[in-house]
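Each remark here refers to the structure printed beneath this line.
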Amino acid sequence: MMQLSDSDFQRMVSFMQSNFGINLKQKRLLINSRLSASLQAQGYTSFKEFVDELLQKKDKEQVEFVLNKLTTNYTYFMREKDHYDFLMRVILPDLTRRKANKKVLSIWSAGCSTGQEPYNISMCIKEYLGAQASMWDTRVLATDISQRVLAEAKDPAYELPADIPPEWRRKYFVKRKDDSGLYTVTPDIRNNVIFRTFNLMEPIRFKLKFDVIFCRNVMIYFDQPTKDALVQRFYDASNPGGYLLIGHSENISKKSPYRILRPATFQRA
């Protein structure tokens, strides 16, 4: 196994922090173990050779390779189910009342991975609006830094967890035709999600401000100053009364401009 020198470790940490906000200061063993065999298979003879090339060329494929190796794109339907319950019980009633004239909801799944979260959000919206769903523009923006996971999200092939309600299985999922035994989502759900590549360290300059931002289990990779800056950008990119939902294992600073509603759920004034 190739060994990561102090110098190359510091260069990797600096590169990932400054470009993607990912804090690897305590992850030396992880970097070494997850990259070593793959780099040798690619023909590199040392970490220094790879890090030199990565920092000089910033090749998109190599950057993607590093991101996929050093982060975990773990997600599934109904993850942290109470968020979806709160969405249907509190957030959607509030937003549909306030947005009744324009009938437009602006929702962002930031760090969407392989798509289960934005598709799940769309199912909640369809369930809540029922027969009125076609009268509303409820398209969900779903972004991730990884093009690989976005490609999977656009052509979904999912195992369905047991806690998907049977009625939802019938209405929103169909078996793929490739004999894999996996499921895709129905066209109305797929068409309600817009996938885009986006680095959360960049300025947020989308056309509309957001009514709801889901950014769950993403900030676990960030140090506190990076989290604080991102939360401020989320706040600035939200409509008054807009909601922010983060992972239950995460936290934001008490100095955040958001007011807390319940664990992992916040609202802009």
Side-chain angles (χ1 to χ4, degrees), residues 17 20-23 71-72 74-75 78-102 104-113 116-125 128 136-145 193-194 196 198-269:
Q17 176 77 52
F20 311 108
I22 297 173
N23 180 12
T71 60
T72 303
Y74 178 63
T75 186
M78 293 297 183
R79 186 179 189 183
E80 299 182 341
K81 182 177 177 293
D82 62 309
H83 275 155
Y84 297 114
D85 294 339
F86 191 75
L87 175 67
M88 296 182 68
R89 181 171 51 85
V90 176
I91 297 177
L92 289 176
D94 174 42
L95 292 179
T96 52
R97 175 183 56 80
R98 290 196 275 128
K99 304 280 182 174
N101 290 333
K102 291 187 176 181
V104 176
L105 299 181
S106 182
I107 300 177
W108 180 13
S109 171
C112 67
S113 188
Q116 287 93 325
E117 179 178 89
Y119 289 138
N120 213 151
I121 294 168
S122 295
M123 293 171 197
C124 291
I125 294 170
Y128 179 76
W136 286 75
D137 180 353
T138 63
R139 288 172 294 177
V140 177
L141 174 66
T143 68
D144 203 281
I145 198 170
V193 179
I194 302 168
R196 294 285 185 271
F198 185 72
N199 183 348
L200 287 172
M201 295 303 100
E202 297 175 2
I204 300 172
R205 294 171 178 162
F206 295 111
K207 185 177 179 181
L208 296 177
K209 292 206 169 187
F210 295 100
D211 300 310
V212 188
I213 297 174
F214 282 76
C215 186
R216 303 188 302 165
N217 305 297
V218 174
M219 291 189 284
I220 54 174
Y221 296 105
F222 302 159
D223 61 18
Q224 195 61 49
T226 302
K227 287 193 288 186
D228 291 345
L230 177 59
V231 168
Q232 183 63 58
R233 291 198 298 279
F234 282 154
Y235 188 88
D236 294 340
S238 296
N239 285 316
Y243 297 86
L244 171 67
L245 294 90
I246 66 173
H248 284 284
S249 63
E250 299 173 304
N251 60 78
I252 65 176
S253 171
K254 293 180 179 179
K255 297 179 181 179
S256 160
Y258 284 98
R259 67 185 182 98
I260 186 168
L261 298 180
R262 59 202 296 273
T265 307
F266 306 85
Q267 188 174 28
R268 174 175 174 159

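Only heavy atoms go into these numbers, but all of them, side chains included; no hydrogens, no water, no symmetry mates. Sequential numbering from 1 along the given sequence is applied to the chain's residues. This is a predicted model, so every value here is computed, not measured.
- Looking at Met201 and Arg233, their side chains come closer than 4.5 Å, going by heavy atoms from C-beta outward.
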Given side-chain contact (heavy atoms from CB on, under 4.5 Å), test Asn239 with Arg268 step by step and report yes or no. CA-CA 8 Å; Asn239 285 316; Arg268 174 175 174 159; over 6 Å; no
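- Formation of a donor-acceptor pair under 3.5 Å by the Glu117 side chain with backbone atoms of Ser109 is not found in this model.
- One finds the OH atom of Tyr128 at 13.5 Å from the OG1 atom of Thr138 (value rounded to the nearest 0.5 Å).
- Contact check for Lys102 versus Asp137: no side-chain heavy atoms found under the 4.5 Å cut-off.
- Here the CD1-CG distance, from Ile91 to Asp211, works out to 10.5 Å after rounding to the nearest 0.5 Å.
- Partners of Lys209 according to the salt bridge (Lys or Arg N to Asp or Glu O under 4.0 Å) rule, which considers only residues two or more places apart in sequence or in another chain, do not exist here.
- With sequence neighbours excluded, the residues satisfying side chain to side chain contact (heavy atoms under 4.5 Å, CB included) with Asp236 are Gln232.
- The shortest side-chain heavy-atom distance between Ser256 and Phe266 does not fall under the 4.5 Å cut-off.
- The two residues Arg98 and Pro240 make their nearest non-hydrogen contact at NH1-O, 3.3 Å.
- At least one donor-acceptor pair closer than 3.5 Å links the side chain of Asp223 to the backbone N or O of Thr226.
- Trp136 has its side chain within reach of Thr96: a pair of non-hydrogen atoms, C-beta onward, lies under 4.5 Å apart.
- Side-chain contact between Phe86 and Glu80 is absent, with no heavy-atom pair separated by less than 4.5 Å.
- Here the closest heavy-atom approach between residue Leu208 and residue Ser106 is recorded as CB-OG, 4.0 Å.
- Across all their heavy atoms, Ala142 and Val193 have their closest contact at CB-CG1, 3.7 Å.
- To the nearest 0.5 Å, atoms CE (Met123) and CD1 (Ile125) are separated by 11.5 Å.
- Distance check, rounded to the nearest 0.5 Å: CD1 of Ile204 to CZ of Phe210 gives 7.5 Å.
- Side-chain contact between Ile252 and Met219 is present, with heavy atoms from C-beta onward closer than 4.5 Å.
- Considering only heavy atoms from C-beta on, Lys227 comes within 4.5 Å of Asn251 through its side chain.
- Taking 4.0 Å as the cut-off between side-chain N and carboxylate O, Asp82 and Arg262 count as a salt-bridged pair.
- With contacts defined as side-chain heavy-atom distances shorter than 4.5 Å, the pair Phe20/Tyr221 does not qualify.
- Closest of all the heavy-atom pairs between Ser122 and Val140 is OG-CG2, 3.7 Å.
- Taking the six-membered ring where the residue is Trp, the centroids of Phe206 and Phe198 are separated by under 6.0 Å.
- The line from SG of Cys124 to CE of Met78 is 6.0 Å long, rounded to the nearest 0.5 Å.
- Note: Tyr258 and Tyr235 have perpendicular aromatic rings, judged against thresholds of 30 and 60 degrees for the angle between ring planes.
- In this structure, CG on Leu200 lies 5.5 Å from OG1 on Thr143, to the nearest 0.5 angstrom.
- Within a 6.0 Å radius of CZ in Arg79, other residues, nucleotides and ligands contribute more than 12 heavy atoms.
- The two residues Val104 and Lys99 make their nearest non-hydrogen contact at O-CD, 3.7 Å.
- Residues Glu250 and Asn217 share a closest heavy-atom pair of OE1-N, 2.9 Å.
- Partners of Arg97 according to the side chain to side chain contact (heavy atoms under 4.5 Å, CB included) rule, which considers only residues two or more places apart in sequence or in another chain, are Asp94.
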